[in-house]
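The next block holds one structure in the form of structure tokens; read it before the comments.
Each chain gets a letter, A, B and so on, in the order the sequences are listed, and its residues count up from 1.
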Amino acid sequence: MVRKAQGSPAKALTAPAGHGMFEGVRAVFVEGGILGKRIEIWKKRLIGLGGQVLDPGKRIPREATHILAADAERLIKQYGREQVEESPLFLVSFGWLEESLAQGKLLPPNAYRVFSSSRSGSAGRSPARSRSASPDTAQSRGGNLLESPTASAQPPAPKTPATSAQKRLREAHERAEDLAAEVREDNEQSGAVALVGAEDEGGESSERREGEGGQGFGLQGDWRPGGGDKQLEKWGEVRNDVTKEKEAMGIRPLGSTAEAIGREVMRIEPPRGNATEQPTHSGGGSDEDHEILLRAAKRARIEGADSGKPQGGLERALVEVNEEGFLDLRENQTPAGMANPELNRGLLKVLGELKDIYRDAFGDDRRSFSYYKAISVVENLSFKVTSAEQLKGLPSIGRSLLDVVRDILGTGTTPRLLALKNDPMVRALFEFGSVWGIGPVTARKLYDMGYRKLEELEKEPSLTQAQRTGVKFFYDIQQRIPRHEAAEMEALVQRVATELCPGIEVLCGGSYRRGKATCGDMDMVLTHPDGHSHKGLLPKLVARLKEIDFVTEDLLVGPSHSADDSDHGVDTYFGLCKYPGRELRHRIDFKVYPRDQHAFGLLAWTGNDVLNRRLRLIASAQQLHLNDHGMYPAIYREGDSVHNVSRGSESVPCYTERDIFRTLRVKYLEPKERNL
DNA sequence: GGGCCGTACTG
DNA sequence: CAGTACG
DNA sequence: GCCC
């Protein structure tokens with residue numbers, strides 16, 4: 001998994017050992033924190049082994065591949081917080097160089113990033129692939145459990161799996177759970193439950209903040225709960241904050257007392273009627289229409305109870321819309337920009353790691369999604385969590401998560417995470433499963449075949465071309481894109497697309513459109529106002545973008561629909577692209593929609609996924625089927641399960657996203673408000 | 001104990 | 001079809 | 001995992 005940063009990514013995984021090992025590396029050394037003499041020696045060795053040393057300058061040199069510094073403070077001192085936070089480069093500690101020299105090979109930089117790694121290097125940052133269920137604030141990237149220097153140094157694995165990975169994975173999980181339970185029991189018996197951390201840990205803390213990933217954690221992690229001295233005197237204040245926060249989220253304590261804050265009975269406030277704010281829809285979302293839909297939904301629910309029709313989530317969605325007025329989905333968002341994920345960085349980091357492991361190694365999407373939603377709730381808090389009780393009653397935070405939070409607040413981590421991270425199989429599965437195109441099942445197969453390391457996968461013949469590309473650009477793809485670069489690339493695509501097709505509309509959706517400071521990828525959504533000029537554009541656009549060396553590799557090339565007239569007429573392309581002047585690959589998607597589907601496509605491709613799911617559930621409760629092509633009156637055919645609903649003929653016409661929200665009786669959310 | 005979004009491509 | 005992907 |  002040795003990636004030669006930017007020099008020649010094509011050789012990403014085959015950097016030669018020893019001689020010339022730093023070929024293609026263009027490093028900047030930020031002085032300080034370590035003897036200048038040692039730095040000089042390192043520079044010479046780097047150059048001797050094929051690397052280049054660049055002048056630091058005031059701005060991070062564009063051609064640089066690695067920025068080396070003793071720690072984050074020096075980095076920020078040199079370049080300022082903004083540059084450092086937005087840099088997609090490898091901002092690593094000198095430990096990376098030292099260890100690479102020691103091992104005679106170019107090590108993956110991730111474990112040495114000064115923006116998350118603790119000095120040990122075993123608590124580096126997460127690859128946190130930008131697969132679906134992942135809150136894409138830059139702050140919540142989980143930690144990593146691979147890329148420890150030692151892991152990279154292992155010899156090739158023997159191909160003799162004793163048991164199937166499937167079984168051993170289950171066992172790994174059970175071990176982790178058992179351990180967690182044991183530790184918890186011990187703590188309870190010894191009364192050693194630590195509920196501390198009311199204050200920042202000393203004066204240096206704000207300077208030590210990391211831009212994008214949270215501190216390292218774990219045994220010698222940088223993050224630990226602060227001292228609890230002021231805990232008691234702070235309590236009243238914190239309690240008030242918590243209560244306010246919950247109220248802001250639309251969660252109201254019923255009959256709580258100050259002492260019983262941990263036992264509040266919470267309920268979601270009914271949405272307030274604000275229909276007047278919403279202009280009446282011209283074509284299918286009128287009050288009358290809605291009444292009809294609502295009545296139909298109630299009927300469906302009642303009938304469903306008798307006939308095995310949908311229950312559960314659907315019913316919950318129905319409760320939500322079963323009030324007058326428009327539903328406000330911002331219930332877990334702290335108003336007025338008071339949310340501060342930084343406050344709970346350590347907590348978020350651990351939860352993020354668990355979320356990633358459950359998804360990428362275990363394929364437990366449900367559990368992972370639960371963590372994801374809980375993370376989102378914690379990110380939206382405006383106070384520092386000092387006691388698990390503060391989270392009791394918040395949406396998506398249940399018993400198990402409270403236990404985990406208790407662990408983290410006490411020790412900085414949780415036994416189950418430690419157990420998982422120390423399990424070599426889990427580490428391997430997580431690594432494989434983090435490759436684009438490789439999911440948990442394939443990861444297990446590869447593991448069972450005897451593979452243990454990423455670079456070995458290159459040769460495996462059963463990999464698809466896309467998976468091979470995913471392996472090759474494993475590290476590239478995980479580097480986040482600074483917002484301003486995404487904006488430039490959006491403009492570039494707009495320019496090229498307009499040359500090919502005047503009048504074409506090009507928007508970058510996804511986390512970019514939701515206003516995030518960094519993006520995992522680019523989601524380009526296109527349409528043409530005249531309703532037909534978009535046809536056949538995508539292949540030409542991609543070809544042109546390849547000509548100018550912007551789009552570089554394909555991952556998925558959809559069949560050309562819009563040329564003929566068969567399907568929905570939506571063209572799709574997934575691939576990789578390069579920010580001009582740099583070799584680093586980023587994920588980029590293109591979706592070209594006919595004008596009448598564009599609002600649905602844009603909504604879907606702006607996300608986030610939680611919003612998409614919720615809107616679809618809400619639509620279901622109103623007997624509507626929502627997808628990225630349209631919104632269709634649902635027709636429950638006799639004897640069909642809910643999953644077998646056929647679409648009515650015509651979509652409810654929606655020209656804008658507002659139309660969709662209005663039809664569903666959901667309060668309109670600006671893109672930046674869609675980070676649910 | 002059951003539900004948890006809906007769709008599209010690959011092999 | 002299962003697996004993986006996208007938000 | 002959470003929620004009903």
Side-chain angles (χ1 to χ4, degrees), chain A residues 129-136 177 268 308 310-319 351 354-355 358-360 362-375 377 394-404 416 433 435-445 462-467 470 509-514 520-521 523 525 554-559 561 567-568 570-574 587-591 600-620 625-632 641-643 645 647 671 674-676:
Chain A
R129 70 132 46 85
S130 46
R131 209 187 245 177
S132 69
S134 172
D136 34 20
E177 291 303 296
I268 307 286
Q311 303 286 313
L314 186 56
E315 190 172 344
R316 176 170 157 69
L318 182 61
V319 170
L351 295 178
L354 285 166
K355 178 211 72 187
Y358 282 128
R359 186 191 59 204
D360 295 337
F362 290 84
D364 190 342
D365 285 347
R366 298 258 148 72
R367 189 179 310 223
S368 176
F369 195 57
S370 291
Y371 275 87
Y372 173 71
K373 285 185 286 193
I375 287 167
V377 167
L394 293 184
S396 303
I397 311 252
R399 216 195 110 166
S400 176
L401 267 158
L402 280 178
D403 283 343
V404 171
R416 85 179 67 191
V435 174
W436 197 96
I438 297 181
V441 175
T442 308
R444 283 170 210 169
K445 281 182 190 152
S462 69
L463 289 197
T464 66
Q465 193 49 53
Q467 287 167 334
S511 52
Y512 174 77
R513 187 157 179 255
R514 297 200 306 274
D521 63 2
D523 304 294
V525 182
D554 303 330
L555 289 172
L556 183 159
V557 183
H561 289 299
D567 227 280
H568 281 288
V570 179
D571 282 352
T572 304
Y573 175 88
F574 295 168
R587 283 274 301 100
I588 189 163
D589 301 338
F590 295 93
K591 301 285 289 187
F600 298 100
L602 186 59
L603 179 69
W605 286 88
T606 297
N608 62 8
D609 56 344
V610 176
L611 175 67
N612 286 345
R613 291 170 180 221
R614 291 197 65 178
L615 289 180
R616 288 166 186 186
L617 273 178
I618 290 164
S620 294
H625 258 332
L626 177 63
N627 58 32
D628 69 326
H629 304 296
M631 185 158 45
Y632 305 88
S641 80
V642 66
H643 294 298
V645 183
R647 285 174 288 286
R674 301 181 196 169
N675 297 299
L676 301 185

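- Looking at heavy-atom distances under 4.0 Å, A/Asp523 makes contact with sugar-phosphate atoms alone, never a base.
- Comparing A/Lys591 and A/Asn612 by the nucleotide of DNA chain B whose heavy atom lies nearest to each, the residue mapping closer to the 5' end is A/Asn612.
- Distance from the side chain of A/Thr442 is smallest to C/dG3 among B/dG6, C/dC6, C/dG3.
- Look at A/Arg613 and you'll find a side-chain N or O under 4.0 angstrom from OP1 or OP2 of B/dC5.
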Could you pull out the protein-nucleic contacts involving nucleotides 9-11 of chain B (nitrogen or oxygen on both sides, under 3.5 Å)?
{"unit_1": "B/dC9", "atom_1": "OP1", "unit_2": "A/His561", "atom_2": "NE2", "d": "3.3"}

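- Rounded to whole Å, atom P of B/dC4 lies 12 Å from atom CZ of A/Phe369.
- Residues passing the side chain to side chain donor-acceptor pair (under 3.5 Å) test with A/Asp628 are A/Tyr593, sequence neighbours excluded.
- Each of B/dT7, C/dG7, C/dT4 was ranked by its minimum atom distance to the side chain of A/Val441; first place goes to C/dT4.
- Taking atom P on both B/dC5 and D/dC3, the two are 15 Å apart, rounded to the nearest angstrom.
- Closest approach to the A/Arg366 side chain among B/dT7, B/dC4, C/dT4 is made by B/dC4 (side chain taken as heavy atoms from C-beta onward).
- Under the 6.0 Å distance and 45° angle rule, A/Arg359 does not count as a cation-pi partner of A/Tyr372.
- For B/dA8, the OP1/OP2 oxygens have a side-chain nitrogen or oxygen of A/His629 closer than 4.0 Å.
- A sub-4.0 Å separation between OP1 or OP2 of D/dG1 and a side-chain N or O of A/Tyr372 is absent.
- Across all strands shown, A/Leu603 has no heavy atoms under 4.0 Å from either base or sugar-phosphate atoms.
- Looking at residues two or more places apart in sequence or on another chain, you find a ring pair (Phe, Tyr, Trp, His ring centres under 6.0 Å) between A/Tyr371 and A/Tyr358.
- Taking A/Arg367 as the reference, A/His173, A/Asp364 meet the side chain to side chain donor-acceptor pair (under 3.5 Å) condition, with sequence neighbours excluded.
- For A/Thr572, the side chain to side chain donor-acceptor pair (under 3.5 Å) test picks out A/Lys591, with sequence neighbours left out.
- Among the protein residues, A/Asp589 comes within range of the sugar-phosphate backbone only, with heavy atoms under 4.0 Å from sugar or phosphate atoms but none that close to a base.
- Counting only N and O atoms by type, the side chains of A/Asn627 and A/Tyr632 include no donor and acceptor under 3.5 Å apart.
- For the side-chain contact (heavy atoms from CB on, under 4.5 Å) test, residues two or more places apart in sequence or in another chain that qualify with A/Val441 are A/Lys445.
- Looking at heavy-atom distances under 4.0 Å, A/Leu615 makes no contact with the nucleic acid at all.
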